[in-house]
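Remarks on the structure that follows.
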Amino acid sequence: MDIHAMVVDDSGIMRKMVMRALCEADLATFVFTEAADGAEALEKYDPKTMDMLFVDWNMPNMNGVELISKIREKEKSHTPIVMITTESSTGKIDEAMDQVKVDKYIAKPFTAESLEQRLGPLFKQISEQRKKSKGFFGKLASSKG
Amino acid sequence: MDATDSHTPESSATEKHHECVFEATEEIFRAACGLNLERCDDEGDLGNDGAVIGMISIVGDVEWSLFVGLPKSTAVSLAEAFAGFRIPFDSPDMGDAVGEVANILAGDVKRRLENRSVSASISLPNVIRAESLEVMVQRGTSATRACYSCDVGKIWTGVISPATAANLA
């Protein structure tokens, strides 16, 4: 499965670490777009070409929760978003997940193995949705043809 | 480690901060960098070959900061252990790596404070890199630091109260 993902983090090192761990995890084949804060991410975000986002919580200019809230306002269909955070208060994480509909959160530090374990069900869900969507459009095309 | 004054609410709060930082240090360096830290004697400065300090402000019951201090040789090896690739000491990525380690440490400290019924928020990290840097902690205040040794060298972590922040220079 090919995934175009945007990785949003003010730390260049952390963006590299996220991308490397995702490539090492047996989840998908990735193409990445990077953004250093929420404002840059919002400029680069294209719901037509991007399959999912990995977003840091604590960033300058526009933090992760604000960014996700703006993306949720813009999008027509739900884009899977994973929050990556040092925030370990489950109350605050649950609140953010409910408020802006974050699909999963990953606590730092993480490894390729922990990403694979934590994100496996989400990628399975994305893969199943794609199959359903291909099936629908395939049937639509054959009925028109 | 310097003595703390336990007669004021501020110093009582500071003791909680010290406990949380020092409890979190060993756990976070093991989880984030695969390093086993052992407390060792504090020889007073971070060396004259270059050093880097990552600092995070924490606002909760009182405002304070924590820091991670690394001599140059430790910083290069620790950043590699953390990121999984080599990062030169004088590259911008070194600041990112040390800032991120401080950020992860602060996140764990925040969780520990919340377990002690202290809610807190953390700032973005600030990183200072210099050829020579000495962390000076004033006597008679609630500021403390601890020195650790591990496979990649020595590491300092500490707590700076507002009264002593001006002495970090």
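All values reported here derive from a predicted model rather than from experimental measurement. Within every chain, numbering begins at 1; the chains are lettered A, B, ... in the order of the sequence lines, protein sequences first and strands thereafter.
- The shortest non-hydrogen separation linking B:Phe82 to A:Met17 is O-CE, 3.1 Å.
- From B:Asn103, atom CG reaches atom CG of A:Asp56 across 7.0 Å, with rounding to the nearest 0.5 Å.
- Within a 6.0 Å radius of CG in B:Asp41, other residues, nucleotides and ligands contribute 12 heavy atoms or fewer.
- Counting only heavy atoms from C-beta outward, the side chains of B:Asp93 and A:Lys16 approach each other to under 4.5 Å.
- When every heavy atom of B:Leu124 is checked against every heavy atom of A:Asn58, the shortest pair comes out as CD2-O, 3.4 Å.
- Both the backbone and the side chain of B:Ile122 come within less than 4.5 Å of a heavy atom of chain A.
- Cluster membership for B:Val152 and B:Phe85, using ILVMFWY side-chain heavy atoms within less than 4.5 angstrom, is shared.
- Heavy-atom neighbours of A:Lys44 NZ from other residues, nucleotides or ligands within 6.0 Å: above the threshold of 12.
- The hydrophobic cluster containing A:Met1 also contains A:Phe32, counting ILVMFWY residues as joined when their side-chain heavy atoms lie under 4.5 angstrom apart, directly or transitively.
- By the rule that hydrophobic residues join a cluster once side-chain heavy atoms approach within less than 4.5 Å of another member, A:Val31 and A:Phe123 end up as members of separate clusters.
- Heavy-atom minimum distance, A:Ser11 versus B:Asp96: C-OD2, 3.5 Å.
- Of all heavy-atom pairs spanning A:Ile13 and B:Ala83, the tightest one is CG2-CB, 4.2 Å.
- Contact of B:Ser119 with chain A is not made at all, since no heavy-atom distance falls under 4.5 Å.
- For B:Glu27, the CD atom counts as densely surrounded, since its 6.0 Å shell holds more than 12 non-hydrogen atoms of other residues, nucleotides or ligands.
- Counting heavy-atom neighbours within 6.0 Å of A:Lys76 NZ, excluding the residue itself, gives a total of 12 or less.
- Inter-residue side-chain proximity for A:Lys108 and B:Glu100 is flagged as met; some heavy-atom pair is nearer than 4.5 Å.
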